[in-house]
Amino acid sequence: MEPPVLCEDLVKVYNSRKAKVTALDNLNLTVKEGEVFGLLGPNGAGKTTLVRILATLLKATSGHAEVGGFDVDKQENKVRQIIGYAGQDSERSAYWRLTVRENLLFFAHALRDIPIKISKERIEEIAEGVGFNDRLDRHFIALSGGEKQLVTVMRAILHNPQVCFLDEPSKSLDPMTSRRVRTFLKKYAQEHEMTLIITTHNMLEAEEVCDRLALINHGKLRFTGTPAEFKKRVTSKETLEIGTNNLSKELELNLLALSGVRDITHDVNIRLYCDDAFEVLPEVVELLKNSGLKVPVRMVEPSLEDAFAFFVENAKMR
Amino acid sequence: MPNPVKLFYMSVWRNLLTMTRYKANFVFEILSSFLFGFGMIIFAVAFDVNLLSNMVGSTNYVAFIIIGISFQSWQGTALWGSANMFQGELSTGQIDYRFSCPFSRYWYIASNIAASALQSTLFFIPMFCVALYFTSSTLTSLGVFLGLLATLLTVAVMAQLGAVLASLVLKYRQTTAIFSFFNFAFQMLTGMFVPFQLLPTPLQIVGYCLPITFGMDLVRHHVMGTLPIMSVTYEWIGLVLQLIVYAIIAKLAVMYLEKSGKEQGLHYL
């Protein structure tokens, strides 16, 4: 059985008069059937480029990619028949003056060839799943950013695609809607044996929904594995959190120089990744004290976000 | 695989829903079309009746100019309709979803142009009726039929040109100036406002390549009884040949320019 998504040595270089930008750099990736697969990476990492190549919207510079066993370059129409797609530009991605129901009916019947009666039923079914059935008769223009986003997600799965690409599906959603949508998507993917590929910056979403993740940075694949494996890369190091994000460069270097401290990341707080946090703790406190800083220091369980920050900030494989 | 007919009637449904949702605007658009037809009479007084008679064999300058103007409805459809649609889809990101769907790009454009052309018919009909009113002395049923057939063929050719212009958007993104160029050519080199026979020969040669020239001349000939710019049979053949040639060019252009657009991505850069 062919994997739903296969990339071999995929390269994409954007050529402009001023510069050459390598968006994907010899990327190799396999997604298994029925998987919910998350693509993580900082802005500009190459996630959207990858999704657009797989959705037949962009041509790779070199390498090979298949979706459902079909070559995305040579058999693009066959690929298009089995995929669903929701891009990032969702705010204006439907007809403003039509209602949500009219929009979805147009897309389902005209562009996806679903009979009108079935289209209407599917619209109701999916809208109910994501809690949108009370807004189906509102004009698209009157929806909030998050609601528009949701309409494009609904549109992407209307025709029960084998493989569905969602580019940051929860970008503008409030936490409650986001939770409802990810629960629905996970269930929907399982029930319909749909392989779902989502790009996201929402670590909670990635952790809750994704069976496996890939981390892309500077167009290179840095990691693939389950969310648990991803975190384990960091949890094998213990973490100390310092309650500030404003340390002098000198103090940071001194902290990094301590025996057993492996890495440092910056966020709202500073995090130190250590071989043995308990052992390092007194020395860290001493250094902070000597610098005249009175900030809390605690041992914490690393999150997926820590793992992400760890990979991205260090930009190297461990 | 979605078929073009389905895409066409769904596009018509979408356009009609959008148009009729704003009723006051819709009613006034139709009224304006009538008004525009009658308003053109003002320009007609500037015509030299003798010159017109010598050139086209008719002194009915009112109908002459109204028929010319009524063709502007199609001109907008061909030149701006589909290209504007693509430009809008590029800037809003809509094109990504459309192009991830399984249908021929050419038929996608052609279906949308056809739907848009049908919409334009609503604005063509009032003006055309005004023209028919002024041609009552020369009008025959066969004349109306052949006039409408020539119009239909002309619109089909214009749609092919529209597909070429729309596909240019995929590569060149901003193409307003290209539309303006063709707009000028359509207005000045096809006999829309002044008799084609008055144009210098080099401009007439350019005019023969434009889809409106033969169509408009045939409509005027069949409805008003004007002298055609060449043999009527040749004009019909010319129109059909234009349809075939422009359709081939349109198909190739859409194919090539989509490939080209995919190099950098189908969105504004």
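By convention in this document, chain letters (A, B, ...) are assigned in the order of the sequence lines, proteins followed by strands, and residues within each chain are numbered from 1.
Listed here is the closest heavy atom pair of A:F106 and B:S11: CE1-N, 3.8 Å. Nearest heavy atom pair, residue B:P102 against residue A:Q81, reads CB-CG, 3.5 Å.
Both the backbone and the side chain of A:L105 come within contact range of chain B, each with at least one heavy atom under 4.5 Å from a heavy atom of that chain. Interface remark: B:Y9 contributes side-chain atoms only to the contact with chain A (heavy atom separation under 4.5 Å). Using a 4.5 Å cut-off between heavy atoms, B:S111 does not touch chain A at all. Only the side chain of A:K12 comes within contact range of chain B, with at least one heavy atom under 4.5 Å from a heavy atom of that chain.
Taken from CG in A:D113 to SG in B:C101, the straight-line distance is 11.0 Å, to the nearest 0.5 Å. Residue B:T18 holds its OG1 atom at 4.5 Å from CG of A:L98, rounded to the nearest 0.5 Å. The CZ atom of A:R80 sits 8.5 Å away from atom CZ of B:F103, with the distance rounded to the nearest 0.5 Å. Between atom CG of residue B:D96 and atom OG1 of residue A:T152 there is a gap of 11.0 Å, rounded to the nearest 0.5 Å. A:L57 contributes atom CG, which lies 9.5 Å from atom CD1 of B:I95 (distance to the nearest 0.5 angstrom). In this structure, B:F99 CZ and A:E76 CD are separated by 10.5 Å, a value rounded to the nearest 0.5 Å.
Counting only distance, with no hydrogens or angles, the side chain of A:R97 and the backbone of B:R21 share no donor-acceptor pair below 3.5 Å.
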For residues 22-32 of chain A, please give each side-chain donor-acceptor pair under 3.5 Å, one per line with the distance, not counting sequence neighbours.
unit_1, atom_1, unit_2, atom_2, d
A:D25, OD2, A:K220, NZ, 3.1
A:N28, OD1, A:D9, N, 2.8
A:N28, ND2, A:D9, OD1, 3.3

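Under the rule for a ring pair (Phe, Tyr, Trp, His ring centres under 6.0 Å), B:Y133 has no partner lying at least two apart in sequence or in another chain.
Judged by distance alone, the side chains of A:R155 and B:Y97 never bring a donor and an acceptor atom under 3.5 Å apart.
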